[in-house]
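Values reported hereafter were calculated over all heavy atoms of this structure, with side chains retained and with hydrogens, waters and symmetry mates removed. Everything numeric here is computed off the predicted structure, so don't read it as measured data.
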Amino acid sequence: MAEHAHYYVPAQSRWPFLGAIGLGSLMVGAANLLHHHPAGYFFFIVGALIVSYILFQWWADVIKESMSGLYSAQMDSSFRWGMGWFIFSEVMFFAAFFGVLFFVHEFSLPWLEEAKILWPNFKAEWPLLHNPDPTKFPNPRAAMHAWGLPALNTCILLTSGVTITIAHWALRLKKQKTLLIFQMATVLLGLSFIAFQAEEYIYAYTELGLRLDSGIYGSTFFMLTGFHGAHVTIGTLMLLIIWFRCLKGHFTPEHHFAFEAVAWYWHFVDVVWLLLFVLVYWL
């Protein structure tokens, strides 16, 4: 019964309410940007600023609560369950997009070729580089190759999975210098991935003519890789915050769930990228 001696219940907070406003504004802005509406820039920037502010303030509150000794073993268990369910929701999020890719590849394209209703000369091919109506969906000049920047980014993320694991073991063994070195290495690898993906997008847009409106291939490519890139960006920010907390000595070998939660998230990002590399770039 000792581990259930007390259970901390946070005071009422304004962060969830403000977070809903920020995320709502962000999504409204993103939707309007896709439709080239001028108001999209305003809502997107305002939403991004609100979400960024809330993240830092909310995380600061949680850190203060943790460092004040308010969290018990039961609270730690709740955090673990919460993070587990959050990652499960992320798995379902990406499963929906992978499901779309599978359905288009295995069902929609063959049906369109067999039916001959909409486009008599339609050829089922993947990636779909010859759209039936190029005036609405511009044809990309080529598909994105797997063995260039995507392969390099795969090596980067796999390496980052190793570095964060070494950092975790260093934390458990009280090797502060090793912890800081390998945690920062993970941050730098995350930043490298983001930089190379930005370069890849520029190449796809300018050299290949591959865009979000380039038919089903363009939309699925950018939706899957773009959302993954957003997760890498968030994960890298989380890794950097954890590095600063390690620098300040916030964690002990017995109590470091914040580190573990970010490590779980980062390994999830690694696994999703491996699926992306195989299903989107390679096959």
Whether His228 side chain and Val269 backbone form a donor-acceptor pair below 3.5 Å: yes
For Phe222 and Ala204, work out which heavy atoms get closest and say how close. CZ-CB, 4.4 Å
For Phe44, does the CZ atom have more than 12 heavy-atom neighbours from other residues, nucleotides or ligands under 6.0 Å away? no
Mutual orientation of the aromatic rings belonging to Tyr265 and Phe268 [parallel < 30°, tilted 30-60°, perpendicular > 60°]: tilted
Take Leu180 and Trp243, measure what side chain to side chain contact (heavy atoms under 4.5 Å, CB included) needs, and give me the verdict at the end. CA-CA 7 Å; Leu180 293 174; Trp243 184 85; 3.8 Å; yes
Same cluster (ILVMFWY, side-chain, under 4.5 Å), Leu279 and Phe102: no
Exercise: identify the closest heavy-atom pair between Tyr201 and Thr225: OH-OG1, 2.6 Å
If I take atom CH2 from residue Trp58 and atom CD1 from residue Ile63, how far apart are they, to the nearest 0.5 angstrom? 14.0 Å
Show, in sequence, the C-alpha distance, side-chain angles and deciding distance for Met238 and Trp59, and conclude whether the side chain to side chain contact (heavy atoms under 4.5 Å, CB included) test is met. CA-CA 10 Å; Met238 293 162 65; Trp59 286 345; 3.9 Å; yes
Cluster overlap Phe137 with Leu34, hydrophobic side-chain contacts below 4.5 Å: no
Same apolar cluster: Trp85 and Ile234, side chain cutoff 4.5 Å: yes
Identify the heavy atoms of Tyr217 and Leu128 that sit nearest to each other, and give their distance. CB-O, 3.7 Å
Asn131 vs Pro140 side-chain heavy atoms within contact, under 4.5 Å: yes
Aromatic ring pairing Phe277/Trp282, orientation class (parallel under 30°, perpendicular over 60°, tilted between): tilted
Measure the spacing between CD1 of Ile166 and CD of Gln183 and express it to the nearest 0.5 Å. 12.0 Å
So does Leu158 get a backbone contact from the side chain of Asp270, meaning a donor-acceptor N/O pair under 3.5 Å? no
Tell me if the CZ atom of Phe103 is crowded by more than 12 foreign heavy atoms within 6.0 Å. yes
Exercise: identify the closest heavy-atom pair between Gly209 and Ser214: O-OG, 3.3 Å
So that I know where these two stand, are Tyr281 and Phe221 an aromatic pair - ring centroids less than 6.0 Å apart? yes
I'd like to check the side chain to side chain contact (heavy atoms under 4.5 Å, CB included) partners of Thr163; sequence neighbours left out, ordered by chain and number. Thr159, Ser160, Phe182, Ala185, Thr186, Leu189
Least distance between heavy atoms, Ile50 atom then Gly22 atom: CG2-CA, 3.6 Å
Should Ile194 and Val262 be regarded as members of a common hydrophobic cluster, given that ILVMFWY residues are connected when their side-chain heavy atoms come within less than 4.5 Å of each other, either directly or indirectly? yes
Trace of the side chain to side chain contact (heavy atoms under 4.5 Å, CB included) decision for Ile216 with Ser219: CA-CA 5 Å; Ile216 190 63; Ser219 60; 3.8 Å; yes
Is the distance from the ring center of Trp273 to that of Phe94 below 6.0 Å? no
Quick one: CG on Asp76 to CD on Glu260, what's the gap to the nearest 0.5 Å? 8.0 Å
Contact summary for Glu200 and Pro150, nearest pair of heavy atoms: OE2-CG, 3.4 Å
Just say parallel, tilted or perpendicular for the rings of Phe107 and Trp111, cut-offs at 30° and 60°. tilted
Does Trp81 CH2 have over 12 foreign heavy atoms under 6.0 Å away? no
Roughly how far, to the nearest 0.5 Å, is the OG1 atom of Thr154 from the CG atom of Leu276? 9.0 Å
Tyr203 versus Met144: any side-chain heavy-atom pair under 4.5 Å? yes
Is Leu179 close to Trp169 at the side-chain level, that is, under 4.5 Å between some pair of heavy atoms? no
Step-by-step side chain to side chain contact (heavy atoms under 4.5 Å, CB included) determination, Phe42 to Asn32: CA-CA 10 Å; Phe42 172 77; Asn32 279 275; over 6 Å; no
Grouping I, L, V, M, F, W and Y whenever their side-chain heavy atoms are under 4.5 Å apart, do Ile87 and Ile242 come out in a common cluster? yes
Check whether the ring centres of Trp264 and Phe257 lie less than 6.0 Å apart, and answer yes or no. yes
Under the side chain to side chain donor-acceptor pair (under 3.5 Å) rule, what do His231 and Glu90 come out as? Steps first, then yes or no, please. CA-CA 10 Å; His231 282 71; Glu90 292 285 273; 2.2 Å; yes
Rounded to the nearest 0.5 Å, how far does CZ of Phe251 lie from CD of Gln176? 10.5 Å
With no hydrogens and no angle check, is any side-chain donor or acceptor of His37 less than 3.5 Å from a backbone partner on Leu33? no
